[in-house]
Number of protein chains: 2
Amino acid sequence: MKFGLRHIRYFLAVAEDLNFRRASEKLNISQPALSRAIQHLEADLGVQLFARSQSFVRLTEAGVVFRDGARAVLNGMEATVDLTRRINRGEAGALRVGYTDFAIAGALPELLKQFRLGQPGITIRPHHGVTSTQLRELDDDKLDIGFVTGPVRQAGLGRRAIQTDRPICIVHESHRFAQRKSLRLKDLADEDFVHGPAKDWAHFYDYLFPLCRRAGFMPRIVQEAFNSVGILGLVSCGMGITILTETIYNFASGGLVALPLEDVPEVMLTEAVWNSDKARLPTLQFVEFLDQQIALGQIGALPLARS
Amino acid sequence: MKFGLRHIRYFLAVAEDLNFRRASEKLNISQPALSRAIQHLEADLGVQLFARSQSFVRLTEAGVVFRDGARAVLNGMEATVDLTRRINRGEAGALRVGYTDFAIAGALPELLKQFRLGQPGITIRPHHGVTSTQLRELDDDKLDIGFVTGPVRQAGLGRRAIQTDRPICIVHESHRFAQRKSLRLKDLADEDFVHGPAKDWAHFYDYLFPLCRRAGFMPRIVQEAFNSVGILGLVSCGMGITILTETIYNFASGGLVALPLEDVPEVMLTEAVWNSDKARLPTLQFVEFLDQQIALGQIGALPLARS
DNA sequence: CGTTCTTGATGCAGAAAAGGTATTATGAAA
DNA sequence: TTTCATAATACCTTTTCTGCATCAAGAACG
């Protein structure tokens, strides 16, 4: 195999036209150069690819087989080159995105959707994980960017604020609290609570329950649902009240009233973090995208309060 | 795309070793030549494929993608070259084989099986067809070789005798004919006949029925089976007698007696025929194979009588 | 801390390959 | 026969590739 891609291109041109002169013109080379290139190819293969005389040219049986194979090879090569270049420009590749429960319940889905519109070549690989897990995975280069919730005190990480969640109390419009402007935690001491799924919402309750303890009570759980939609549904039925975040309340249907909790000043910050050193191109593109979204006011540290 | 297969081979060598010097030795070129070639490839792609310093070489992300694609391309190219060469040598390709009912019931299956053992690269494409159809298809280059039965008087065809079939009368061992050495056609005038499938056995009956007519009777058909096994099975049950060929009787199970027909001297000759002018390599190889088999006495014009 | 070794890159000259122009040989068409 | 078109060949130029010698920069080692 001494021949190159050049020979293959020449061969395919002749195989299409079955005419050396016309093919040579399409290839922008002289006819003799083309003749000799084909001769070299045939000599190298040890196979006659064209049956030719001065008056006609046609493919031999072996020539037909070679043409089909050569076409496939050339197409494959072009596809590979194209993909390689797109990877190089960051237009293709994979982005491994970690997320916490809060991220996935908040801005993340829309964020990923928007990003994919702008970068359809980049495959998003979402990985669920709590904050500590994500930080370890970032370090082990198993994650490109993480959406983590809560304070992160690790150096060498780039970060952008995505959303701040403040707990709110959600009650049905027929509830005795419905007319009030706001609540205090201790007002909830005797209420029935609808609880989120313990496994998926662990982080939220790790944050909330200490607050309740500080207010002198433990929430009395009367119902548990599988997800936020379920929680809101049970509250809608009057099964009890719940504490969720503004973000999640945005998905609520009618008949519900959200009440701020006066004595809970803390907010839960969800951030995007990535390893500045190991950042690959798709990561950088995603960060750039995040900055655009922040500039547009779509995401950031301001609460997305429902008007 | 100015690079050639040479660049790809060089690239893959470096991608495997991640060491320019060792790779250059494996490629039997000097290290500077290899460095240059890789530089040209990268410049042509506009993509850095290797991250390198004086102390280490590793693939970039784009390099990994290019390596995988390039491997596939090179493998595809080698496979194509190999197939092309085998086609050229007649070791691969397709052989379109026509056959009549007699051929397929006789020597043909074993013949094709043996041929495929010796030429596993050649795909056999069997086409059923009566003699006249096969001759037309040979002429139209829709068939490479035909197994035809009966006299063929067409010029320009190569031919080899495959088998001669003489009709025999088959009866159950309890039949009154069973003790006889031979029969004459007219003996059968009052017998019940088991008939082969009209469609598949048309040629045989076109040959046999005129003989019966000459003997002054028409066979009285009492049963019809789907194939030769079915016919023999019905004869085994005592449903009637039948006339088949020696070839087919070779497949019979026990309890049956074959009786020669004294007054039927004609034999049915099955021949392989092909177009000498248009013969492609696989065809010639098959003819050569036939000649070998004839030399071995496996096939030919001698009747394969059951001892 | 310097020495030595190894690695990849570079300069240059010779070799090889590819290309172009002019021409030839051979069928087909007029 | 003449003319036309085709593919092949001859000959020379240009481009590309290669090897040798060498350089620059880390790594290994005493």
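All values reported here derive from a predicted model rather than from experimental measurement. Chain A is the first sequence line, chain B the second, and so forth, proteins listed ahead of strands; every chain is numbered from 1.
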| query | With sugar-phosphate meaning primed atoms plus P, OP1 and OP2, does A:Ser53 contact a base, only sugar-phosphate, or nothing at under 4.0 Å between heavy atoms? | reply | sugar-phosphate
| field | From D:dG19, D:dA7, D:dC11, nucleotide with atom closest to B:Arg36 side chain | value | D:dG19
| Ion pair check, A:Lys278 and A:Asp140, cut-off under 4.0 Å | no
| message | Within this structure, what is the CZ-NZ distance for the pair A:Arg136 and A:Lys142, rounded to the nearest 0.5 Å? | response | 8.0 Å
| request: Mind checking the CZ-CZ spacing from B:Arg96 to B:Arg280? Nearest 0.5 Å is all I need. | output: 5.5 Å
How long is the line joining [atom1] of [X] and [atom2] of [N], in whole Å?
| X | N | atom1 | atom2 | answer |
| --- | --- | --- | --- | --- |
| B:Leu41 | D:dC17 | CG | C1' | 15 Å |
| B:His40 | D:dT15 | NE2 | P | 14 Å |
| B:Leu34 | D:dC20 | CG | C1' | 16 Å |
| A:Asn19 | D:dA7 | CG | C1' | 10 Å |

| field | chain B contact limits on DNA chain C, taken 5' to 3' with a cut-off of 4.0 angstrom to heavy atoms | value | C:dT7 to C:dC12
| field | Pair B:His127 and B:Tyr99, ring centroids less than 6.0 Å apart | value | no
| query | Which comes earlier along DNA chain C counting from the 5' end, the contact point of B:Val57 or that of A:Ala37, where each point is its nearest nucleotide? | reply | B:Val57
| field | Phosphate contact (D:dT15 OP1 or OP2) by B:Lys2 side-chain N/O below 4.0 Å | value | no
| field | Quiz item: A:Gln39 side-chain donor-acceptor pair to D:dA8 base, under 3.5 Å | value | no
| request: Could you check which residues of residues 4-13 of chain B get a heavy atom under 4.0 Å from DNA chain C? Sort them by number, please. | output: none
| Single hit among B:Thr100, B:Val273, B:Ile162 for side-chain contact (heavy atoms from CB on, under 4.5 Å) with B:Phe147 | B:Ile162
